[in-house]
Structures are given as C-alpha cells and as structure tokens.
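Written below as structure tokens is the structure these notes are about.
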Protein chains: 2
Amino acid sequence: MTNPKTDPEATQLADLTFKLLANCQEKEARLAEQYGLTQAEFRCLRLFGTKEISNNKHIAERMNLSPSRLTRIIDGLVKKAYMTREIDSDDRRNMRVTLSKQGTEIVGRLNKSYIGIHKEILDEIDDTQHAPLITAMTHLLSALEKWIAKT
Amino acid sequence: MTNPKTDPEATQLADLTFKLLANCQEKEARLAEQYGLTQAEFRCLRLFGTKEISNNKHIAERMNLSPSRLTRIIDGLVKKAYMTREIDSDDRRNMRVTLSKQGTEIVGRLNKSYIGIHKEILDEIDDTQHAPLITAMTHLLSALEKWIAKT
DNA sequence: TATCGAATTTTGCTCATAGCAAATAATTCA
DNA sequence: TGAATTATTTGCTATGAGCAAAATTCGATA
C-alpha cells in the first residue's frame with residue numbers, strides 16, 4: 001500500500017468531491033427556489049418520484065431525517081396541495097402519503113428541469129467522455145456507499 | 001440536439017449527482033463529528049487550508065455565507081483555539097484571521113483523514129479506472145461551475 | 001483639514017431547520 | 001384482556017443563517 005499522505009489521486013479526488021458537494025448544493029438550492037419549494041421539500045418530492053411510498057417513517061429513513069421532522073415537511077407539501085395524507089385502512093397507525101394531481105404534475109416538471117440541467121452540463125463535455133463519466137461516477141457512488149455503511 | 005425528455009445519459013447523471021450529494025453530505029458530517037467540529041467549522045478549516053486568508057468578508061464570499069454568519073463561525077473556532085483574530089494594522093477595519101498552532105495541527109490531521117477516506121474509496125475501484133474518474137469528474141465540476149455562473 | 005460617504009465587522013433580532021421526548025392512537029402477542 | 005410495541009404528532013429546545021442597524025475606520029473631496 002502506498003503512502004496515503006502523498007497519494008496524488010486520492011488528494012485530487014478529495015478536492016473534487018469537496019468542491020462538487022458545494023456546487024451541487026448550490027444547484028439544488030436554486031432549482032428548489034425556482035419551484036417555490038424548500039430544499040427539504042424538493043428532496044422529498046424528487047425522492048418520492050411517481051411511486052407511492054406508504055408511510056412517514058419509511059420516507060424519513062430514506063431521507064435520513066427524524067420522523068417528526070418529516071411530519072412537518074409533509075405538512076408543508078400538503079399545505080401546498082402537492083400531497084395528500086390519509087389514514088391507512090390496513091393499519092390505522094400509518095399515514096398513507098400520496099402525490100396529488102398537482103403533485104405528480106410538479107414532480108414531472110421538476111424532474112424534467114433536473115435532467116435538463118444535467119443535459120446542459122453534458123453538452124459542455126466531449127461526447128466521448130460521457131460513458132466513462134457515468135461508469136466512473138457509478139463506481140464512486142457505490143464505493144462511497146460502502147464506506148458509509150461500514151462506519 | 002436530442003430530445004431532453006428521454007436522454008438516458010442526462011437522466012443517469014441526474015440520478016448519480018442526486019445520490020452522490022446526499023452521500024457526500026453524510027460523509028462530511030461524520031468526519032466533522034469525529035473532530036468535534038460543526039459542519040460549517042469543518043468546511044471553513046478545510047477551505048482555509050494552510051494559507052492565511054486575510055479577512056472575514058473574503059472567507060464569507062468563498063463559503064457563500066453572509067459576513068455575520070462567518071463572524072460566529074470564526075467565534076467558534078477562536079473559542080476552540082484553532083484560530084486567532086487580530087486587527088489588521090494596514091486597514092484597521094479588517095480582522096486578520098489566522099490559524100493557531102493547534103489550528104494548523106488539526107487541519108493537517110483533518111486533511112489527512114479526508115484524503116484517507118478517498119484513498120479507501122479508490123481502493124474499491126479498479127486501478128485502470130482511477131485516471132478516467134479524475135478527468136471525468138474534473139470536467140463535471142467545471143461544467144457545473146459554468147452552469148452556476150450563468151444562472 | 002474637516003466632513004461625508006463607503007467598507008468591514010459585530011450585535012440584536014427573527015425565522016427556518018432539525019432532533020428529542022412525551023402524548024396519542026393502533027396493533028400484536030402472551 | 002392487558003402489556004408491550006409501533007407510527008405519528010406536538011411541544012420544546014438548540015442550531016444555522018440572514019437582515020438591518022451600530023460602531024469603527026478609511027478615503028476622497030470641497
């Protein structure tokens with residue numbers, strides 16, 4: 001194993017992810033604002049996608065937030081009429097959370113914008129680099145997930 | 001130009017950056033906690049590096065935060081004895097912010113850890129993929145910065 | 001040189017974000 | 001049935017962050 005202190009690749013990667021993090025945060029903040037959403041609401045809607053995820057707790061786990069926090073985020077989305085909340089008749093402890101008509105509509109537009117941004121970004125990069133970029137980042141993501149899991 | 005609605009590369013990239021963002025945030029949060037720092041303090045120290053950046057306002061701009069917020073972040077770092085703050089004799093309006101001895105020491109350890117994590121991540125990825133990963137991500141970062149600048 | 005305007009930091013206030021613990025309601029199991 | 005468990009919500013509290021005003025200093029100009 002080489003000396004970690006002077007490993008130039010690891011140093012470069014560290015620098016890249018640090019800067020990417022800041023820039024991606026900025027990107028999401030701007031997009032959320034365009035749609036009149038808070039960042040948490042944005043994340044929640046995008047994570048929700050079109051699939052119906054049953055309960056509060058499940059979404060909270062996926063978003064890495066406490067259930068109580070999630071209650072209030074969904075409060076906001078219900079107030080904005082993007083989501084509806086009703087008692088699950090199979091298990092009356094659960095709240096069945098679903099997208100409203102306006103909800104699916106905005107998620108559609110929002111995903112289109114989000115993808116559009118990445119299309120613009122890809123346009124700035126040489127075509128031959130697209131596939132390597134995707135595979136490289138897929139590897140990076142899975143390695144990162146592994147690192148987080150083992151901590 | 002192809003149809004953005006169904007562009008599979010842009011869709012994949014969108015998904016990847018969305019997930020990477022969440023995971024990188026988590027990674028930074030854990031590392032900051034290990035060192036008894038808040039995330040803002042962590043970012044500030046890492047951005048500061050070993051170089052001496054003169055004033056409050058300059059750091060605030062780099063960190064994309066308001067000067068008043070920065071004042072309090074540096075308050076914390078001064079309280080933890082990682083930084084010192086003194087009036088700039090050239091322009092007495094400025095506060096000259098510098099790392100203390102313990103500050104340089106912790107920044108060194110912290111950078112080493114940060115790089116170490118990325119070394120662990122690289123270890124999970126095939127050697128031949130390292131260089132492509134770095135170049136691809138460099139392109140991604142510059143394209144992303146360009147997108148943000150033009151918004 | 002005296003004064004007015006601009007720049008830098010700090011402080012007080014306010015609001016958003018987020019978790020914890022208690023309360024409530026519903027289910028499961030002994 | 002009754003005790004333990006699970007899901008959600010509510011009250012409280014702490015932290016994160018910006019805005020506006022105050023204090024200090026600098027610079028330019030009349």
Side-chain angles (χ1 to χ4, degrees), chain A residues 21-22 25-26 28-48 52-80 83-98, chain B residues 21-22 24-26 28-33 35-48 52-80 83-98:
Chain A
L21 176 58
Q25 265 166 330
E26 181 70 22
E28 283 205 9
R30 297 211 184 168
L31 195 53
E33 204 197 347
Q34 273 180 27
Y35 282 87
L37 298 167
T38 68
Q39 258 170 290
E41 288 170 347
F42 174 89
R43 279 209 307 137
C44 185
L45 281 179
R46 185 160 159 74
L47 195 112
F48 212 84
E52 174 186 311
I53 299 170
S54 52
N55 58 2
N56 197 328
K57 199 190 178 189
H58 189 226
I59 306 172
E61 275 163 9
R62 282 194 170 274
M63 290 184 69
N64 217 4
L65 290 174
S66 69
S68 66
R69 178 74 195 115
L70 231 281
T71 295
R72 312 210 219 228
I73 291 168
I74 293 181
D75 279 350
L77 288 166
V78 167
K79 192 162 288 172
K80 287 176 184 162
M83 282 191 165
T84 56
R85 197 161 30 181
E86 55 189 358
I87 295 167
D88 181 355
S89 47
D90 290 346
D91 182 342
R92 296 177 53 77
R93 288 171 303 185
N94 287 340
M95 293 305 280
R96 197 158 194 73
V97 179
T98 50
Chain B
L21 176 58
C24 280
Q25 266 166 330
E26 180 69 23
E28 284 205 8
R30 297 211 184 168
L31 195 53
E33 202 197 349
Y35 282 88
L37 298 167
T38 67
Q39 259 171 289
E41 287 170 349
F42 175 90
R43 278 208 307 136
C44 186
L45 281 179
R46 185 160 159 75
L47 196 112
F48 211 85
E52 175 187 309
I53 300 170
S54 52
N55 60 0
N56 197 327
K57 200 191 177 188
H58 188 227
I59 306 171
E61 276 164 10
R62 281 194 171 275
M63 291 185 68
N64 217 5
L65 291 173
S66 68
S68 66
R69 178 74 193 115
L70 230 281
T71 295
R72 309 206 222 230
I73 290 168
I74 293 182
D75 281 350
L77 289 167
V78 167
K79 192 163 288 172
K80 287 176 184 163
M83 282 190 163
T84 57
R85 197 161 32 181
E86 55 188 359
I87 295 168
D88 181 354
S89 47
D90 290 345
D91 182 341
R92 296 178 52 78
R93 287 172 304 186
N94 287 341
M95 292 305 279
R96 198 158 194 74
V97 180
T98 51

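Each chain gets a letter, A, B and so on, in the order its sequence line appears, and its residues count up from 1.
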[X] has a side chain; which of [options] sits nearest to it?
X	options	value
A/R85	D/dT24, D/dG16, D/dT9	D/dT9
B/S68	D/dT9, C/dA25, D/dG18	D/dG18
B/N56	C/dT27, C/dT10, D/dT8	C/dT10
A/P67	C/dT8, C/dT27, D/dT9	D/dT9

I'd like to know if B/R46 and B/E28 make a salt bridge, using a cut-off of under 4.0 Å between side-chain N and carboxylate O.
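No, B/R46 and B/E28 are not salt-bridged.
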Please compare A/R72 and A/N94 by the position of their nearest nucleotide in DNA chain D and report the one closer to 5'.
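Upstream on the strand: A/N94.
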Distance, rounded to the nearest Å, where [X] contributes [atom1] and [N] contributes [atom2]:
X	N	atom1	atom2	answer
A/D90	D/dT8	CG	C1'	17 Å
A/L70	D/dT8	CG	P	9 Å
A/M63	C/dT17	CE	C1'	12 Å
B/R69	C/dT17	CZ	P	15 Å
A/K57	D/dA7	NZ	P	4 Å
A/E61	C/dG19	CD	P	13 Å
B/M95	C/dT10	CE	C1'	9 Å
B/R96	D/dT24	CZ	P	22 Å

Has B/R92 got more than 12 heavy atoms of other residues, nucleotides or ligands less than 6.0 Å from its CZ?
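Atom CZ in B/R92 is not crowded, with 12 or fewer foreign heavy atoms closer than 6.0 Å.
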Does the base of D/dT6 carry an N or O that pairs as donor and acceptor with the side chain of A/R93 under 3.5 Å?
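Result: at least one qualifying N/O pair found.
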Base, sugar-phosphate, or nothing: which does A/L65 touch, judged by heavy atoms less than 4.0 Å apart?
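Contact class for A/L65: sugar-phosphate only.
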Taking every non-hydrogen atom, the tightest pair across A/C44 and A/L77:
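Here A/C44 and A/L77 meet closest at SG-CD1, 3.9 Å.
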Nearest atoms (heavy-atom pairs only) where B/I74 meets B/R85
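Looks like CG2-NH1, 3.7 Å.
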For A/Q39 and for A/D91, locate the closest nucleotide of DNA chain C by heavy-atom distance; then report the residue assigned to the nucleotide nearer the 5' terminus.
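Whichever sits nearer the 5' end wins; that is A/Q39.
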For DNA chain C, whose closest nucleotide is more 5', that of B/H58 or that of A/D88?
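Between the two, 5'-proximity favours B/H58.
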To the nearest 0.5 Å, what is the distance between CZ (B/R62) and CZ (B/F48)?
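Between atom CZ of B/R62 and atom CZ of B/F48 there are 11.0 Å.
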With rounding to the nearest 0.5 angstrom, report the CD to CG distance, A/Q39 to A/L31.
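The CD atom of A/Q39 sits 10.0 Å away from the CG atom of A/L31.
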Axis deviation across the helix from C/dT1-D/dA30 to C/dA30-D/dT1, five-pair ends, to the nearest 10°:
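The helix from C/dT1-D/dA30 to C/dA30-D/dT1 shows an end-to-end axis angle of 0°.
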Do the non-hydrogen side-chain atoms of B/I73 and B/L65 ever get within less than 4.5 Å of each other?
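Sidechains of B/L65 and B/I73: in contact.
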